[in-house]
Enquirer: 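Please find one structure pasted underneath; my questions will follow.
None of these values were measured; they are calculated from a predicted model. Hydrogens, waters and symmetry mates play no part in the numbers below; they use all other heavy atoms, side chains included. Throughout, a chain's letter reflects where its sequence line sits, starting with A, and its residues are numbered from 1.
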2 protein chains.
Amino acid sequence: MTNFEVFKERLNNAGFKLTTQRRVVFDIINSNEGKHYSPEEIYELVKVDHPEIGLATIYRTLKLFEKIAIVYRLNFNDGCSRFEMNHFEDKSHRHHHLVCLDCGKIFEVKLDLLQDLEGYIEKEYGFEIHNHTLKFYGVCNECKQRRKKCKKETT
Amino acid sequence: MTNFEVFKERLNNAGFKLTTQRRVVFDIINSNEGKHYSPEEIYELVKVDHPEIGLATIYRTLKLFEKIAIVYRLNFNDGCSRFEMNHFEDKSHRHHHLVCLDCGKIFEVKLDLLQDLEGYIEKEYGFEIHNHTLKFYGVCNECKQRRKKCKKETT
DNA sequence: TTTTATTTGATTTTTATTCTCAATTAAAAG
DNA sequence: CTTTTAATTGAGAATAAAAATCAAATAAAA
Ligand SMILES: [Zn+2]
Ligand SMILES: [Zn+2]
Ligand SMILES: [Zn+2]
Ligand SMILES: [Zn+2]
């Protein structure tokens, strides 16, 4: 079952229509693995082939996609929400985010490693975990190298 | 060293003045462990004893506190930032958040348990971790009980 | 006490997101 | 393939959190 088929099915199950607008937004997010687009960015990409589609529709569509679990809404404290595919076909595909405090780049970590913690929480708090988001803030490898180099040059 | 002394020191080191407004906002956040207040909520609490303090000052102060690592900015996707003390005196005090999808309540988990994952990330990605945020979404114990009860009653 | 740069309150401005509503359209029914 | 119907859309207005502005106030250095 392809992502698109899952998408169609979820729309149907929730009683929503498959419109051109929804298909276009889906395609952009689905074909940009690893990107974390804002509504405005998606709007710009949509405009290229579909200048008739309005920004309000982008916002509405993303909200709908979030509701039927087609996308995840991410927050990197940069003044807007960002979105990425929910890779439903592959549970192990969930990932964490590394946010570089220097260059602002976002990296993805495919390994989950939260089983212990989740087990503890479910047992200790009786909290039934459905999902999680984990972000690490720090300095990426590239920026670390650059810092070293600058240090050397000033010595 | 008390939280307040650390607060004064950090203001000083960063070259900022200790004003009444800053002291009042600090006191409210510092004396409300476990709470996650929005700027508006802090504004309401500040008003009780200091109706002369304006909302813009609350926003400015929280931004400053975030910069000098007095507070953390939290995001629970409810339309505003929320803030809590950075418990600097005790590193092990960092905690994760449990967000109940039913009742919206926020719970805190004091256990970190991310050492393995952090070690893996530092080694595998060369990413130097300074901080992290981890949220779990699910159903809290209370809401789980309520669901069970409702199920029984309808049987 | 005087000086000076910082900070503040009040207000306006900005900007992401939502709302409104008439016109359009997907898809169910015939 | 039409007709019907309710959902959806585009354009623009409305909302609301947060930031910017600026003259007046004030902390802290001299
Ligand atoms: Zn991602
Ligand atoms: Zn970097
Ligand atoms: Zn907390
Ligand atoms: Zn609950």
Enquirer: Among dA5(C), dA19(D), dG12(D), which nucleotide has an atom closest to any side-chain atom of Tyr59(B)?
Expert: dA19(D)

Enquirer: Figure out the CD1/C1' separation between Ile58(B) and dT7(C), and round it to whole Å.
Expert: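 Rounded to the whole Å, the gap is 14 Å.
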
Enquirer: Measure the CZ-CG distance between Arg22(B) and Asp27(B) for me, rounded to the nearest 0.5 Å.
Expert: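 Spacing of CZ (Arg22(B)) from CG (Asp27(B)) equals 14.5 Å.
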
Enquirer: Identify whether the distance between the nearest side-chain nitrogen and carboxylate oxygen of Asp102(A) and Arg147(A) falls below 4.0 Å.
Expert: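 Looking at Asp102(A) and Arg147(A), the cut-off is met.
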
Enquirer: Both distances below 3.5 Å, Watson-Crick or wobble geometry, any strand: find the nucleotide opposite dA30(D).
Expert: dT1(C)

Enquirer: Rounded off to whole Å, could you give me the CG-to-P distance for the Leu64(A) and dT18(C) pair?
Expert: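 So the CG-P distance, Leu64(A) to dT18(C), works out to 13 Å.
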
Enquirer: Measure CG/Asn75(B) against P/dA18(D) and give the value in whole Å, please.
Expert: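 About 9 Å, once rounded to whole Å.
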
Enquirer: Return yes if a side-chain donor-acceptor contact under 3.5 Å exists between His95(B) and Asp112(B), otherwise no.
Expert: no

Enquirer: For dT25(C) and Thr20(A) - does any side-chain N or O of the residue sit under 4.0 Å from the phosphate oxygens OP1/OP2?
Expert: no

Enquirer: Would you mind classifying the nucleic acid contact of Leu55(B) as base, sugar-phosphate or nothing, using non-hydrogen atoms under 4.0 angstrom?
Expert: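 No contact.
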
Enquirer: Whole angstroms only, please: what is the CD1-P distance between Ile53(B) and dT8(C)?
Expert: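 Atom CD1 in Ile53(B) sits about 9 Å away from atom P in dT8(C).
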
Enquirer: Would Glu44(B) and Lys47(B) pass as an ion pair if we require N to O under 4.0 Å?
Expert: yes

Enquirer: Is the distance between the ring centroids of Phe26(A) and Phe4(A) less than 6.0 Å?
Expert: yes

Enquirer: Taking atom CZ as the centre, does Arg10(B) end up with more than 12 heavy-atom neighbours from other residues, nucleotides or ligands that are less than 6.0 angstrom away?
Expert: yes

Enquirer: Just the rounded figure in Å: distance from P of dT17(C) to CZ of Arg82(A).
Expert: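 It works out to 10 Å between those atoms.
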
Enquirer: Does Lys63(A) place a side-chain N or O at less than 4.0 Å from the phosphate oxygens OP1/OP2 of dT18(C)?
Expert: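 So the side chain of Lys63(A) is within the cut-off, an N or O lying under 4.0 Å from OP1 or OP2 of dT18(C).
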
Enquirer: If you look at every strand shown and take non-hydrogen atoms under 4.0 Å, does Ser38(B) touch a base, only sugar-phosphate, or nothing?
Expert: nothing

Enquirer: Send over the distance from Leu18(A) CG to dA6(D) P, rounded to a whole Å.
Expert: 21 Å

Enquirer: Counting only side-chain heavy atoms from C-beta out, which of dT26(D), dT8(D), dA17(D) sits nearest to Glu40(B)?
Expert: dA17(D)

Enquirer: Would you say Gln21(A) reaches dA26(C)'s phosphate, i.e. side-chain N/O to OP1/OP2 under 4.0 Å?
Expert: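 Indeed not, no polar side-chain atom of Gln21(A) lies that close.
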
Enquirer: Take atom CG of Asn12(B) and atom C1' of dA28(D), then tell me their distance rounded to the nearest Å.
Expert: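 Whole-Å distance recorded here is 10 Å.
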
Enquirer: Quickly work out the Leu11(A) CG to dA7(D) C1' distance and round it to whole Å.
Expert: 12 Å

Enquirer: So, is Thr19(A) close to the dT25(C) phosphate, meaning a side-chain N or O under 4.0 Å from OP1 or OP2?
Expert: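 For dT25(C), OP1/OP2 do not have a side-chain N/O of Thr19(A) under 4.0 Å.
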
Enquirer: Over all strands shown, is Arg22(B) touching base, sugar-phosphate only, or nothing at heavy-atom distances under 4.0 angstrom?
Expert: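 Arg22(B): backbone/sugar contact only, no base atoms under 4.0 Å.
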
Enquirer: From the set dA18(D), dT21(D), dT17(C), return the single nucleotide nearest to any side-chain atom of Pro39(A).
Expert: dT17(C)

Enquirer: Out of dT25(C), dT20(C), dT8(C), which nucleotide sits closest to the side chain of Arg60(B)?
Expert: dT8(C)

Enquirer: Which part of the nucleic acid does Gly15(A) contact within heavy-atom distance under 4.0 Å: base, sugar-phosphate only, or nothing?
Expert: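 If one applies the 4.0 Å heavy-atom cut-off, Gly15(A) turns out to touch nothing in the nucleic acid.
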
